[in-house]
**Q** 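The structure follows.
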Number of protein chains: 2
Amino acid sequence: MQSQGKPTINDVARLAGVSKKTVSRVINRSPLLNGSTRAKVEAVIAEIGYVPNVQARALALRHNFLIGLVHDNPNAQMVMNVQAGMLEAMRDTEFELIVRPIDRGSSTMLQDIRAFLERQRLYGVMFLPPVSENEMVADLCRELGIRYVRMGSATLDSAKHMVASNDADVVRDAVKHLLSLGHRRIGLIAGPHGFRSARERRKGFEEALAEAGIKLPRSLIADGNYTFETGLAAADRLLDLSPRPTAIFASNDEMAAATLHAAMRRGMTVPENLSIIGFDDTAIASHIWPPMTTVHWPIISMARSAALKLLTDFFGDDQAVEEPSLFPSTLIHRASVAPPRED
Amino acid sequence: MQSQGKPTINDVARLAGVSKKTVSRVINRSPLLNGSTRAKVEAVIAEIGYVPNVQARALALRHNFLIGLVHDNPNAQMVMNVQAGMLEAMRDTEFELIVRPIDRGSSTMLQDIRAFLERQRLYGVMFLPPVSENEMVADLCRELGIRYVRMGSATLDSAKHMVASNDADVVRDAVKHLLSLGHRRIGLIAGPHGFRSARERRKGFEEALAEAGIKLPRSLIADGNYTFETGLAAADRLLDLSPRPTAIFASNDEMAAATLHAAMRRGMTVPENLSIIGFDDTAIASHIWPPMTTVHWPIISMARSAALKLLTDFFGDDQAVEEPSLFPSTLIHRASVAPPRED
DNA sequence: TTGTAAGCGTTATCAG
DNA sequence: CTGATAACGCTTACAA
């Protein structure tokens with residue numbers, strides 16, 4: 001009976017004069033189907049406004065039409081950008097985005113992820129750094145037979161399972177830029193231990209100095225945690241130094257904004273007294289004054305690509321354009337950098 | 001057979017020597033169950049690590065274990081805060097959060113929401129402003145029989161379906177504060193037309209002036225759209241005025257940050273030459289220099305409460321503490337406000 | 001190329 | 001209080 005509630009596959013089958021299975025084949029775009037049969041069924045579907053029940057399909061197919069986003073990230077803007085990118089790729093599909101923040105550090109993290117994946121039977125899942133850097137999440141997905149993509153600051157996995165940026169390279173360039181302007185005492189606010197991105201960015205920083213034959217005292221490197229507060233503390237430590245650094249590279253925008261904050265609080269002027277470069281190119285970088293020179297991290301593109309990788313089986317062969325896996329970051333020149341002014 | 005794959009309700013039933021239905025009753029915390037039977041079943045569940053299959057439950061129950069978040073919001077930080085609050089409430093439940101951005105303005109918006117709700121059969125859904133202000137989404141949820149909560153800047157619905165803040169009141173207080181410091185030419189950067197929050201905040205602004213018997217030229221009100229860019233344009237318009245306003249209230253932090261940006265770009269000093277008050281108390285307010293006086297909008301608490309309202313049936317009567325519906329905002333005093341200095 | 005029968009794992013009905 | 005049986009709506013064998 002169709003009169004009651006929403007039409008089901010049975011209604012379609014009956015009205016089209018075919019079997020349920022044939023309707024099912026139409027829904028699932030089975031290739032072995034007579035064109036006229038398909039047309040007939042599609043006509044009925046359109047006419048009565050039939051929409052397949054996702055719960056029933058999920059039960060039979062053993063997977064949901066959901067793409068998961070697993071993260072444990074201190075940066076809100078980054079997570080939002082990732083969501084935006086993924087949703088862009090998923091637009092006009094039947095897939096939905098399910099968000100799952102987790103507690104790295106928790107001893108049950110891996111079990112939590114496993115429970116989440118097993119329970120929801122996701123179609124695919126995307127991991128953000130730093131969780132994505134944990135090799136065990138990849139193992140877990142392979143064991144569970146679930147599609148996954150990891151985002152990272154360096155290549156961690158095969159192209160199918162990875163979207164990466166070249167953090168070390170672009171930071172090296174950024175620091176070289178500082179050097180070319182005449183800066184010699186350059187401070188680094190490093191990211192948290194255990195983050196691959198933090199390591200890569202630091203590596204780029206050190207490579208640039210090494211290539212220029214410059215050896216800096218260890219004191220010019222301060223530890224941060226990618227948060228504003230830790231950035232503030234690190235910047236204060238650096239600015240207390242004597243002689244003071246003439247430029248600071250902060251491993252993300254949040255800490256770069258904190259550096260600007262710390263400098264202005266002391267009555268310093270940026271970029272006259274201090275040049276600052278950040279990393280991420282999140283909104284705050286261009287919103288603060290002076291607008292901040294920073295590395296543009298193409299997160300939205302990476303996230304979109306990641307989602308497309310996850311959906312590649314679904315879209316079928318016709319759309320089998322290989323999604324890129326490496327997304328070059330670029331330095332965005334704004335107003336927080338100038339040649340050093342000795343005073 | 002349990003050897004293959006994950007244990008099912010049948011395995012539990014067999015091992016416990018009861019029927020499937022009895023196990024089902026245990027899972028669903030049915031009150032009419034013999035204590036010893038329950039204990040026996042629970043023991044088996046724990047022993048073999050049985051986890052109910054959500055897809056099958058969804059099919060039988062006609063609803064998923066998902067809470068939806070529907071929004072069309074220009075402010076990333078706000079959406080993240082909402083997610084954080086909701087997820088906090090959902091922690092340690094079997095519910096997951098599914099995020100659905102929509103395109104207000106699209107002629108198919110309501111149909112899109114309907115399709116989403118019907119397809120996913122959510123357990124409950126939360127609407128953010130400005131979509132939440134549309135009475136038709138509430139009608140839709142009632143028609144579909146789906147739990148919903150709306151967030152807004154004024155009371156739009158019954159307590160069960162609403163979390164609201166008192167924007168007009170707190171803005172009135174904020175502007176009175178400006179007046180008490182001696183400001184007389186106060187500019188307003190208004191929010192977008194059609195947003196209830198924009199209207200409420202403007203109302204508070206106008207009430208404060210009216211109560212003080214001050215009549216301001218229409219030119220001191222500039223239109224914004226809650227984005228940085230529109231805030232910048234509006235601030236420039238205001239700062240081009242002669243005489244210039246000595247203080248500006250911006251209807252959200254993003255536009256307040258833009259106001260600061262515009263002022264500093266002109267070489268003005270804040271708060272000496274211009275006092276600024278924002279609204280939201282998002283991260284940027286405290287991160288920029290000088291730290292910005294703003295209205296703290298308790299979004300995280302509101303979102304947590306909203307999710308709890310959605311889950312109230314699930315938690316059962318024992319936890320039936322009535323969640324609040326009104327969340328007072330408060331003015332946070334920072335460094336962007338000072339008495340006017342005539343120069 | 002299409003159809004038939006048997007699940008997928010759970011809950012509702014209604015009897016005991 | 002508990003259990004047998006029929007849904008829930010779709011897909012996967014396996015035939016035809």
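Just so it is clear: chains get the letters A, B, ... in the order the sequence lines come, proteins before strands, and each one is counted from 1.
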**Q** Can you measure K20(B) atom NZ to dT11(C) atom P for me and round it to whole angstrom units?
**A**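 Rounding to the nearest Å, NZ of K20(B) and P of dT11(C) are 10 Å apart.
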**Q** From the set dG3(C), dG3(D), dT10(C), return the single nucleotide nearest to any side-chain atom of S19(B).
**A**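 Nearest nucleotide to the side chain: dG3(D).
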**Q** Which of these nucleotides, dT11(C), dC10(D), dG3(C), is closest to any side-chain atom of A60(A)?
**A**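 Nucleotide nearest to A60(A)'s side chain: dC10(D).
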**Q** How close or far is atom C1' of dC10(D) from atom CG of L59(B), stated in whole angstroms?
**A**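 In whole Å, dC10(D) C1' and L59(B) CG are 8 Å from each other.
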**Q** Before accepting this row, confirm whether a basic side-chain N of the pair R304(A)/E88(A) lies closer than 4.0 Å to the acidic partner's carboxylate O.
**A**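 Salt bridge between R304(A) and E88(A), a charged N being under 4.0 Å from a carboxylate O: yes.
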**Q** Only counting residues at least two apart or in another chain, list the ones meeting salt bridge (charged side-chain N to carboxylate O under 4.0 Å, His left out) with E96(B).
**A**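 Listed in chain order: R100(A).
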**Q** Would you say the base of dG3(C) and the side-chain of R25(A) have a donor-acceptor pair closer than 3.5 Å?
**A**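 Counting by modelled atom types and ignoring angles, a donor-acceptor contact under 3.5 Å is found here.
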**Q** Quick one: side-chain hydrogen bond (donor to acceptor under 3.5 Å, both in side chains) partners of D139(A), sequence neighbours excluded?
**A**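 For D139(A), the residues satisfying side-chain hydrogen bond (donor to acceptor under 3.5 Å, both in side chains) (neighbours in sequence not counted) are R142(A).
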**Q** Charged N to carboxylate O below 4.0 Å: is that the case for K309(B) and E323(B)?
**A**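 Looking at K309(B) and E323(B), the cut-off is not met.
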**Q** How do R62(B) and V18(A) order along DNA chain C: which one's closest nucleotide is nearer the 5' end?
**A**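 Mapping each residue to its closest nucleotide by heavy atoms, the 5'-most match is V18(A).
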**Q** If you compare all heavy atoms of R121(B) against all heavy atoms of R62(B), which two are closest, and at what distance to 0.1 Å?
**A**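 Shortest heavy-atom contact: CD-O, 3.5 Å.
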**Q** Could you state the CD-C1' distance from E118(B) to dG9(D), rounded to the nearest angstrom?
**A**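 About 16 Å, once rounded to whole Å.
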**Q** Let's see if you can work this out: which of dT10(C), dT11(D), dG9(D) has an atom nearest to the side-chain heavy atoms of Y50(B)?
**A**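 Looking only at side-chain atoms, Y50(B) lies closest to dT10(C).
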**Q** For N10(A) and dC8(D), what is the distance between atoms CG and C1' respectively, to the nearest whole Å?
**A**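 After rounding, the gap between these two atoms is 11 Å.
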**Q** Once you round it to whole Å, what is the distance between C1' of dT11(D) and CD of Q55(A)?
**A**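 Roughly 16 Å, once rounded to whole Å.
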**Q** Tell me, please, which residues at least two apart from E135(B) pass side-chain hydrogen bond (donor to acceptor under 3.5 Å, both in side chains).
**A**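 E135(B) satisfies side-chain hydrogen bond (donor to acceptor under 3.5 Å, both in side chains) with R150(B) only.
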**Q** Which nucleotide in the list dT11(D), dC8(D), dC10(D) gets nearest to the side chain of S24(A)?
**A**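 From the listed options, dT11(D) comes nearest.
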**Q** Return the nearest nucleotide to the side chain of N53(A); candidates are dG9(C), dG9(D), dT2(C).
**A**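 Side chain of N53(A) sits closest to dG9(D).
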**Q** Angle between the two end axes of the helix from dT1(C)-dA16(D) to dG16(C)-dC1(D), five base pairs per end, rounded to 10 degrees?
**A**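 The end-segment axes of the helix from dT1(C)-dA16(D) to dG16(C)-dC1(D) are tilted 30° relative to each other.
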**Q** Starting at atom CG of N64(B), determine the distance to atom C1' of dT10(C), rounded to an integer number of angstrom.
**A**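 Whole-Å distance recorded here is 13 Å.
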**Q** Is the phosphate of dG3(C) approached by T22(A) (side-chain N or O, under 4.0 Å from OP1 or OP2)?
**A**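 For dG3(C), OP1 or OP2 has a side-chain N or O of T22(A) closer than 4.0 Å.
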**Q** Expressed in angstrom and rounded to an integer, what is the separation of H63(B) atom NE2 from dT10(C) atom C1'?
**A**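 Answer to the nearest Å: 12 Å.
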**Q** Could you name each residue pair satisfying ring pair (Phe, Tyr, Trp, His ring centres under 6.0 Å) that touches residues 95-120 of chain B, not counting sequence neighbours?
**A**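 Every pair satisfying ring pair (Phe, Tyr, Trp, His ring centres under 6.0 Å) with a residue in residues 95-120 of chain B: F65(B)-F95(B), F95(B)-Y123(B), F95(B)-F314(B).
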**Q** My understanding is that only residues two or more places apart in sequence, or in another chain, count here; which of them pass side-chain hydrogen bond (donor to acceptor under 3.5 Å, both in side chains) with T155(B)?
**A**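 If we apply the side-chain hydrogen bond (donor to acceptor under 3.5 Å, both in side chains) test to T155(B), skipping adjacent residues, there are no hits.
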**Q** If you only use heavy atoms from C-beta on, which nucleotide in dT11(C), dT1(C), dG9(D) is closest to the side chain of T37(A)?
**A**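 Per side-chain heavy atoms of T37(A), the pick is dT1(C).
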**Q** Quick one: R38(B) CZ to dT2(D) P, roughly how many Å, whole number?
**A**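 So the CZ-P distance, R38(B) to dT2(D), works out to 9 Å.
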**Q** Does OP1 or OP2 of dG9(D) have a side-chain N or O of R57(A) closer than 4.0 Å?
**A**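 So the side-chain polar atoms of R57(A) never come under 4.0 Å of the phosphate oxygens OP1 or OP2 of dG9(D).
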**Q** Output yes when at least one side-chain N/O atom of T8(A) is less than 4.0 Å from OP1 or OP2 of dG9(D), else no.
**A**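 For dG9(D), OP1/OP2 do not have a side-chain N/O of T8(A) under 4.0 Å.
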